[in-house]
Q: 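Got a structure here, written out as structure tokens. Questions coming.
Values below: every heavy atom of this structure, side chains too, minus hydrogens, waters and symmetry copies. All residue numbers in this chain count up from 1 along the given sequence.
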Amino acid sequence: KMSYMVRFKVCAASQWIQDLQENFNIGPRKTYRLGPPSSKLNFKQLLCYLIGYVDGDGCIFFRESIRPRYKGPVKQFSVNFASASITILDWVKEIIDKVVPIEFSQTPKKLTMPNSKTKEVKGKNTKCYSIGGIRALLLFSFLKDFDVPKLQRKWAQPVVLTFLEEQKQ
């Protein structure tokens with residue numbers, strides 16, 4: 001069985017390393033120790049961090065499937081965050097609850113995914129926080145328009161953008 005390792009190394013930039021640690025709580029061996037970014041950041045900066053988190057350890061998920069008990073196709077949409085640190089997932093939930101409060105899930109639009117959940121990924125030390133349904137659509141719609149660099153393969157998926165436009169109608 002092959003295993004692969006990716007290493008990101010910043011050389012000769014001690015100020016960058018210090019800033020990453022002080023502002024974003026990013027340092028060496030962060031898998032189990034990653035915590036929320038600094039409280040010195042403003043809300044817009046925290047949302048930019050959240051976008052970066054989706055790019056790095058998150059997933060924007062859409063699936064359309066046929067299920068016998070439903071009439072017609074079932075569409076599922078969620079935004080997911082993975083980490084070995086429950087502390088960072090609690091922080092992610094806290095920020096998301098400020099952007100799209102749970103009250104937004106009380107809507108006549110019915111999607112099949114639950115509003116949010118945290119679960120352990122079997123056989124791994126990883127946990128996953130997922131937000132689904134209308135709250136996920138609102139979160140995605142809000143964050144995708146932020147003018148910061150994003151991974152296009154996550155934020156510009158044609159099927160997701162089409163689904164978003166359909167839901168706006």
Q: Are any non-hydrogen side-chain atoms of Val100 and Ile131 less than 4.5 angstrom apart?
A: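 Yes; the side chains approach each other to less than 4.5 Å.
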
Q: Under 3.5 Å, is there a donor-acceptor pair between the side chain of Tyr129 and the main chain of Val79?
A: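 Looks like no, no N/O pair under 3.5 Å.
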
Q: Using a 3.5 Å distance criterion without hydrogens, assess whether the side chain of Asn80 forms a donor-acceptor pair with backbone atoms of Ser130.
A: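 No.
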
Q: Please find the pair of heavy atoms, one from Cys48 and one from Val148, that lie closest to each other, and give the distance.
A: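 For Cys48 versus Val148, the nearest heavy atoms are SG-CG1, 3.4 Å.
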
Q: Starting at CD1 of Ile95, measure out to CG of Leu139 and round the result to the nearest 0.5 Å.
A: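 It is 11.0 Å, given to the nearest 0.5 Å.
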
Q: Please report the interatomic distance CZ(Phe163) to CZ(Phe77), rounded to the nearest 0.5 Å.
A: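 Answer rounded to 0.5 Å: 7.5 Å.
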
Q: Can you tell if the side chain of Leu50 reaches within under 4.5 Å of the side chain of Leu46, non-hydrogen atoms only?
A: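 Contact flag for Leu50/Leu46 side chains = no.
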
Q: Evaluate the side-chain proximity of Arg135 to Asp97: yes if any heavy-atom separation is below 4.5 Å, no if none is.
A: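 Counting from C-beta outward, Asp97 and Arg135 do come under 4.5 Å.
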
Q: Hydrophobic cluster membership, with links at side-chain heavy-atom distances under 4.5 Å among I/L/V/M/F/W/Y: are Leu41 and Phe142 in one?
A: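 The answer is yes; both residues are in one hydrophobic cluster.
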
Q: Among residues at least two apart in sequence or on other chains, which ones pass side chain to side chain contact (heavy atoms under 4.5 Å, CB included) with Asn42?
A: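 Only Lys44, Gln45 meet the side chain to side chain contact (heavy atoms under 4.5 Å, CB included) criterion with Asn42.
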
Q: Rounded to the nearest 0.5 Å, what separates atom NZ in Lys93 from atom CD1 in Ile86?
A: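 The NZ atom of Lys93 sits 11.0 Å away from the CD1 atom of Ile86.
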
Q: Under the side chain to side chain contact (heavy atoms under 4.5 Å, CB included) test, which residues partner Thr162, sequence neighbours left out?
A: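 Counting only residues at least two positions away or on another chain, Thr162 forms a side chain to side chain contact (heavy atoms under 4.5 Å, CB included) with Glu166.
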
Q: Compute the ring centroids of Phe146 and Trp155, then answer whether they are less than 6.0 Å apart.
A: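 Centroid separation for Phe146 and Trp155: 6.0 Å or greater.
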
Q: Decide yes or no for Phe81 and Tyr53: does some side-chain heavy atom of the first lie under 4.5 Å from some side-chain heavy atom of the second?
A: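 Sidechains of Tyr53 and Phe81: in contact.
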
Q: Minimum heavy-atom separation for Ile88 to Ser83, with atom names?
A: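 Shortest heavy-atom separation between Ile88 and Ser83 comes out as CG2-OG, 3.2 Å.
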
Q: So, for Ser141 and Asp145, which heavy atoms are closest and what is the spacing to 0.1 Å?
A: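 Ser141 and Asp145 have their closest heavy atoms at O-OD2, 3.4 Å.
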
Q: Return yes if some donor-acceptor pair links the side-chain N/O of Lys150 with the main-chain N/O of Ile51 below 3.5 Å, else return no.
A: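 Judged by distance alone, no pair lies under 3.5 Å.
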
Q: Using side-chain heavy atoms (C-beta onward) and a distance below 4.5 Å, is Val159 in contact with Glu64?
A: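 Not touching, per the 4.5 Å side-chain cut-off.
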
Q: In Å, rounded to the nearest 0.5 Å, how long is the span from NZ of Lys75 to CZ of Phe62?
A: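 Between atom NZ of Lys75 and atom CZ of Phe62 there are 5.5 Å.
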
Q: With sequence neighbours excluded, tell me which residues meet side chain to side chain contact (heavy atoms under 4.5 Å, CB included) with Lys98.
A: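 Lys98: side chain to side chain contact (heavy atoms under 4.5 Å, CB included) contacts with Phe43, Glu94.
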
Q: With the side chain counted from C-beta on, respond yes when Tyr49 and Trp91 share a heavy-atom pair under 4.5 Å apart, and no when they do not.
A: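 Yes, side chains in contact.
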
Q: Between Lys154 and Gly58, is there a donor-acceptor pair closer than 3.5 Å when you use the side chain of the first and the backbone of the second?
A: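 Side chain of Lys154 to backbone of Gly58, a donor-acceptor pair under 3.5 Å: yes, one is there.
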
Q: Counting N and O atoms only, with roles assigned by atom type, does the side chain of Arg63 sit under 3.5 Å from a partner on the main chain of Gln76, one being a donor and the other an acceptor?
A: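 It does not hold such a pair.
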
